[in-house]
Amino acid sequence: MNNSDKLTRRSLLLRALGAAGAVFLAGCERLSHTEWFPKILAAGEKASESVHHLIARKAMAQEFTPADLSPSFRSNGTAEPNNPVYAELAANGFGAYKLAVDGKVDKPAMFTMTELRALPERTQITRHDCVEGWSAIGKWKGVKLSAILDAVKPQPSARYVVFHCADPMEDDGTKPYYESIDMDDAYHAQTILAYELNDQPLPAANGAPIRLRVERQLGYKHAKYIMRIELVDSFAPIAGGKGGYWEDEGYEWYAGI
Ligand SMILES: Nc1nc2c(c(=O)[nH]1)N[C@H]1C(S)=C(S)[C@@H](COP(=O)(O)O)O[C@H]1N2
Ligand SMILES: [Mo]
């Protein structure tokens, strides 16, 4: 489903509900599990995609001002991938780095850092919340994930965007970190692949050369050291099948803040 299809679906839904209904829904996202919702859904929307999904996720995460910035943005999890291929790329300033984007797309592509920097970008000051009990406010600049998707042309069967990372989570070099998000989060205005933190090139400890910012979700969703992006119709065949390294260990797949 592409963006304009989604917009059509949204406007059909809003038309079916009427303006008053739309305002009411916008303030009541938590009601999606009550009984009357499925009946309204039948009016204009396939039950497979809930109203909660459509409306809650359009909302923007809070953005802050430069005065709110944390004095420093700490690192968590991997600070330096234990991976010789990554080490070589890093040693040469990522001049030979290429982001692979493939899977359920019409035009698989590889992007150098120069090509990524030439695509539409966004800068945002946001708060990062880690489940381990710390938060930090940072300024991120990066390429909009929607721009990359527009370039590779997702197929209708693409339902998730999977981020494959450079860092193995086991000492023997296995179990690379990975994460996944759905297409709504993938096209969200604040979903970017950041290459700058606080006006500096993204430090290695924070995921160089690019890391995901998916601002409505918790820290572990924000994949660092992205090497490959794969569009899939299901993440069940990947690793432990739960859509991410920490999800495979029991964390929630949708880590809404
Ligand atoms: N590739 C990779 N991405 C990762 C992690 C990791 O260990 N490896 N840790 C996650 C967790 S739990 C958090 S809180 C953030 C930390 O980002 P930071 O290092 O920029 O603070 O990255 C997330 N993304
Ligand atoms: Mo985290």
Side-chain angles (χ1 to χ4, degrees), residues 1-10 46 48-50 53-54 56-58 85-86 97-113 115-122 140 142-167 175-195 207 209-218 220-248 251-256:
M1 180 169 56
N2 64 33
N3 247 352
S4 59
D5 287 341
K6 267 197 292 199
L7 287 175
T8 310
R9 288 160 64 93
R10 282 183 181 132
K46 271 200 301 183
S48 63
E49 207 165 355
S50 72
H53 191 74
L54 288 175
R57 303 216 195 160
K58 272 199 303 187
V85 174
Y86 176 87
Y97 169 88
K98 283 187 178 174
L99 170 69
V101 188
D102 56 32
K104 299 207 168 289
V105 298
D106 282 343
K107 299 187 167 185
M110 309 270 275
F111 298 89
T112 64
M113 285 309 299
E115 288 166 341
L116 290 176
R117 286 172 196 277
L119 288 172
E121 73 204 41
R122 191 173 199 280
W140 304 96
V143 49
K144 297 170 86 157
L145 184 56
S146 62
I148 294 176
L149 296 178
D150 289 346
V152 299
K153 307 217 176 307
Q155 294 170 355
S157 59
R159 291 187 60 205
Y160 304 100
V161 180
V162 181
F163 303 89
H164 296 282
C165 306
D167 51 327
K175 276 213 181 188
Y177 199 97
Y178 78 105
E179 258 305 336
S180 61
I181 59 176
D182 67 14
M183 300 308 279
D184 276 354
D185 264 328
Y187 282 108
H188 189 278
Q190 291 169 315
T191 300
I192 61 174
L193 302 180
Y195 46 70
I210 49 168
R211 69 95 51 84
L212 177 65
R213 296 301 309 170
V214 52
E215 304 290 359
R216 305 246 317 154
Q217 297 202 53
L218 291 170
Y220 61 88
K221 299 296 291 187
H222 300 231
K224 307 195 284 188
Y225 316 112
I226 299 170
M227 304 298 283
R228 175 181 171 220
I229 293 178
E230 181 187 14
L231 277 79
V232 299
D233 58 3
S234 162
F235 45 69
I238 300 170
K242 299 290 195 290
Y245 173 77
W246 285 113
E247 287 85 333
D248 287 340
Y251 285 43
E252 291 290 322
W253 176 75
Y254 190 80

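Counting from 1, the numbers follow the sequence of the chain as shown.
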A side-chain contact here means heavy atoms from C-beta on lying under 4.5 Å apart; do [X] and [Y] qualify?
| X | Y | result |
| --- | --- | --- |
| E179 | E247 | yes |
| F111 | V143 | no |
| W140 | R122 | no |
| W253 | K242 | no |
| T191 | R216 | no |
| V161 | Y187 | no |
| D102 | R228 | yes |

Q. Who passes salt bridge (charged side-chain N to carboxylate O under 4.0 Å, His left out) against K224, sequence neighbours left out?
A.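 Partners of K224 under the salt bridge (charged side-chain N to carboxylate O under 4.0 Å, His left out) test: none.
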
On a heavy-atom basis, which atom in [X] and which in [Y] lie closest, and how many Å separate them?
| X | Y | value |
| --- | --- | --- |
| G241 | F235 | O-CD1, 3.5 Å |
| S234 | A236 | OG-N, 3.1 Å |
| M227 | C165 | CG-C, 4.1 Å |
| M110 | A100 | SD-CB, 3.7 Å |
| E230 | I238 | OE1-CD1, 3.9 Å |
| A255 | K221 | CB-CG, 3.9 Å |

So how far is it from [X] [atom1] to [Y] [atom2], rounded to the nearest 0.5 Å?
| X | Y | atom1 | atom2 | answer |
| --- | --- | --- | --- | --- |
| Y160 | L231 | OH | CG | 12.5 Å |
| I210 | I229 | CD1 | CD1 | 6.0 Å |
| K98 | M113 | NZ | CE | 13.5 Å |
| S146 | I192 | OG | CD1 | 11.0 Å |

Q.
side chain to side chain contact (heavy atoms under 4.5 Å, CB included) for L99 and L193? Distances and angles first, verdict last.
A. CA-CA 11 Å; L99 170 69; L193 302 180; 4.0 Å; yes

Q.
Please evaluate residues D248 and Y178 with respect to the criterion side chain to side chain donor-acceptor pair (under 3.5 Å), reporting the C-alpha separation (whole Å), side-chain torsions for both, the decisive distance (0.1 Å), and the verdict.
A. CA-CA 10 Å; D248 287 340; Y178 78 105; 2.7 Å; yes

Q. Would you find more than 12 non-hydrogen atoms of other residues, nucleotides or ligands less than 6.0 Å from E252 atom CD?
A. no

Q: Give a yes or no on whether R159 atom CZ has more than 12 heavy-atom contacts from other residues, nucleotides or ligands under 6.0 Å away.
A: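 It does not: R159 CZ has 12 such atoms or fewer within range.
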
Got a donor-acceptor contact below 3.5 angstrom from the [X] side chain to the [Y] backbone?
| X | Y | result |
| --- | --- | --- |
| Q155 | V105 | yes |
| H188 | L145 | no |
| S157 | D233 | no |

Q: Fit a plane to each ring of W246 and Y251, take the angle between them on a 0 to 90° scale, and name the class: parallel (under 30°), tilted (30 to 60°) or perpendicular (over 60°).
A: tilted

Q.
Do D182 and Y254 pair up side chain to side chain, a donor and an acceptor below 3.5 Å, judged on atom types alone?
A.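 Note: D182 and Y254 side chains miss the donor-acceptor criterion.
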
Q. Yes or no on side chain to side chain contact (heavy atoms under 4.5 Å, CB included) for H222 and R211, after CA distance, side-chain angles and deciding distance?
A. CA-CA 7 Å; H222 300 231; R211 69 95 51 84; 3.8 Å; yes

Q: Check the pair V232, K104 against side chain to side chain contact (heavy atoms under 4.5 Å, CB included), reporting the backbone distance first and the verdict last.
A: CA-CA 6 Å; V232 299; K104 299 207 168 289; 5.6 Å; no

Q: Test side chain to side chain contact (heavy atoms under 4.5 Å, CB included) on I148 and L116 and set out the steps.
A: CA-CA 8 Å; I148 294 176; L116 290 176; 3.9 Å; yes

(Q) Is it the case that the ring center of Y177 lies less than 6.0 angstrom away from the ring center of Y225? (A)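 Ring centres of Y177 and Y225 not closer than 6.0 Å.
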
